[in-house]
Amino acid sequence: MPAKQMLPGRRPSAVKAQGRKRPAPGAGRSARRGPLERLRRTRGQVTKAWDRPLTAYYLIFGSSLLITVLGLVMVYSASMIKALQLGLGDAYFFKKQFLAAAIGGVLLFAASRMPVKLHRALSYPVLAGTLFLMVLVQVPGIGVSINGNQNWISLGGPFMLQPSEFGKLALILWGADLLARKGDKGLLTQWKHLLVPLVPVAFLLLGLIMLGGDMGTAMILGAVLFGLLWLAGAPTRMFVAVLAFAGVIVALLIKTSPHRMDRLACLGATDPGKNDLCWQGVHGIYALASGGWFGSGLGASVEKWGQLPEAHTDFIFAITGEELGLAGTLSVLALFAALGYAGIRVAGRTEDSFVRYAAGGVTTWITAQAVINIGAVLGLLPIAGVPLPLFSYGGSALLPTMFAVGLLIAFAREEPAARAALALRQPGAGWKRSGPIWKSMRRRVKRRPSGER
């Protein structure tokens, strides 16, 4: 009987079924585990994407860009009432911040394209220039006092410069270069080489900052110093000793200042208290509490109408919570967490000691400042008067921070795997390497039988 002849009483579907292949053993079991297998496959794809060479590069660039853009939006929203009260245009503070962001973008791009050797060469000039400006701040007639702190230099017109903000960047660049050179010579195992001259120069910067009364910036600089010592492998007993010494100094500075004691007494306060000593902290909590899940809407804040002091600077996170709600504040926290993770990843994967110290110092700086600012707004830490990095109003804080982000981008680009991945994306590189392979694959496909895929 011919193979294709239909047998009596047999349906066509039964004949076709004879040519079908039987399911492989365990096929039903894998079908039942389909969702679990897909979940594992998705997890593997996410892990693979997370471990790609350019992950840190994209995280640093993307998170810093989103923080800066969202910060510009919130500066405009939080400052318009203050600007109108001063008789200025509603976009006055926004325009100044936008100009600072544009200049900072140029600095970020320049820093991201500089080789590591040039960053190391800039360390001493940046430190010397910062020290010179910080000394000028204390000269009568040159330094300007704002809110009781003399930390500013007038540049003419409405533009002011706060040199202490550049002190963080100067300490990181110079300290990273110093520790890298000593580490190459094997000197970091000795206490005197680990502490001198790093700690004396850091204390010199701290002293000049404290002469102006800016304890918040001094706390950030101290955190950077501890971060550098930690990365350099300081022994635990030395680290604890330096930390204890710094704690004693901070306690004395707080104890001898009634203003700082009042701020310490406002921790966790839910009422303005006597003489409204806790007014700012309490109204920051009110702003966050009234935001709910998704906020009252952009521009609809009530606290910025004169109730919350420094709404567009130190307490801009509270206005963000009021207008964008919990979703907005968690988004800001997630962006800072991504930036911090990427900085740690860059510092942990590099073989260059200078890159490790500098990347760790920048990450410590941005993370510590964000924690201190947000902790103060939440009432968990004393109000230190430090802005939220890349987010709050203030060109003097924005410019060095954007340059520091450019440092992280440059370091992320310098990783061997990242450098190779970026080289493949140059114009013509992908066609030269993939063109012949693609053509050969096309010829192979054409030679295959038509029934195969």
Side-chain donor/acceptor of [X] to backbone N/O of [Y], under 3.5 Å:
X    : Y    : answer
R263 : I383 : yes
S296 : E322 : yes
R349 : E415 : no
D90  : L84  : no
Q150 : G212 : no
T350 : A347 : no
H119 : A111 : yes
S257 : I254 : no
S290 : Y286 : yes

Any idea which heavy atoms bring [X] and [Y] closest together, and the distance?
X    : Y    : value
T363 : G340 : CG2-O, 3.5 Å
I220 : I372 : CD1-CD1, 3.4 Å
T320 : T329 : C-CG2, 4.3 Å
L70  : F391 : CG-CE1, 3.7 Å
I316 : S392 : CG2-OG, 3.3 Å
F336 : P389 : CZ-O, 3.2 Å

Please identify each residue that fulfils salt bridge (Lys or Arg N to Asp or Glu O under 4.0 Å) with R181, with sequence neighbours left out.
D177
Partners meeting salt bridge (Lys or Arg N to Asp or Glu O under 4.0 Å) with E323 (sequence neighbours left out)
K304
Quick one, [X] and [Y] - any side-chain contact, counting heavy atoms below 4.5 Å?
X    : Y    : value
F354 : F411 : yes
L131 : L208 : yes
T236 : F239 : no
I142 : V137 : no
F166 : L161 : yes
P387 : Q369 : yes
R345 : T55  : yes
I366 : V405 : yes

Not counting sequence neighbours, list each pair that qualifies as a disulfide bond (SG atoms under 2.5 Å apart) and has a residue in residues 236-317.
C266-C278
Evaluate L205 against M134 for side-chain contact (heavy atoms from CB on, under 4.5 Å), listing each step before the verdict.
CA-CA 8 Å; L205 290 170; M134 292 176 69; 3.7 Å; yes
Return the set of residues passing ring-ring contact (aromatic ring centres under 6.0 Å, His included) with W279 (not counting sequence neighbours), or none when no residue passes.
H283
Atom [atom1] of [X] and atom [atom2] of [Y]: how far apart are they, to the nearest 0.5 Å?
X    : Y    : atom1 : atom2 : result
N151 : L211 : CG    : CG    : 9.5 Å
L122 : L407 : CG    : CG    : 9.5 Å
L72  : L390 : CG    : CG    : 10.0 Å
K82  : Y92  : NZ    : OH    : 12.0 Å
M210 : F203 : CE    : CZ    : 12.5 Å
F94  : S79  : CZ    : OG    : 9.0 Å

Look at the aromatic rings of W174 and Y124 and report parallel, tilted or perpendicular, splitting at 30° and 60°.
perpendicular
With V377 as reference, evaluate D314, L288, I285 under the side chain to side chain contact (heavy atoms under 4.5 Å, CB included) test and give the passing residue.
L288
In this structure, are over 12 heavy atoms from other groups packed under 6.0 Å from [X] atom [atom1]?
X    : atom1 : value
F98  : CZ    : no
E351 : CD    : no
F294 : CZ    : no
F61  : CZ    : no
W191 : CH2   : yes

Any chance you could lay out the side-chain contact (heavy atoms from CB on, under 4.5 Å) test for F315 and N373, step after step, and finish with the verdict?
CA-CA 8 Å; F315 272 71; N373 177 275; over 6 Å; no
So which pairs with a foot in residues 197-218 pass side chain to side chain donor-acceptor pair (under 3.5 Å), sequence neighbours left out?
Q162-D214, D214-T217
Would you sort out whether H193 and L188 count as a side-chain contact (heavy atoms from CB on, under 4.5 Å), showing the intermediate values?
CA-CA 6 Å; H193 287 289; L188 293 181; 5.5 Å; no
Can you list the steps and then say if L229 with L195 is a side-chain contact (heavy atoms from CB on, under 4.5 Å)?
CA-CA 8 Å; L229 290 175; L195 297 179; 4.3 Å; yes
With sequence neighbours excluded, what pairs up with D262 under the side-chain contact (heavy atoms from CB on, under 4.5 Å) test?
L277
Under 3.5 Å side-chain donor-acceptor pair for K96 and Y393:
yes
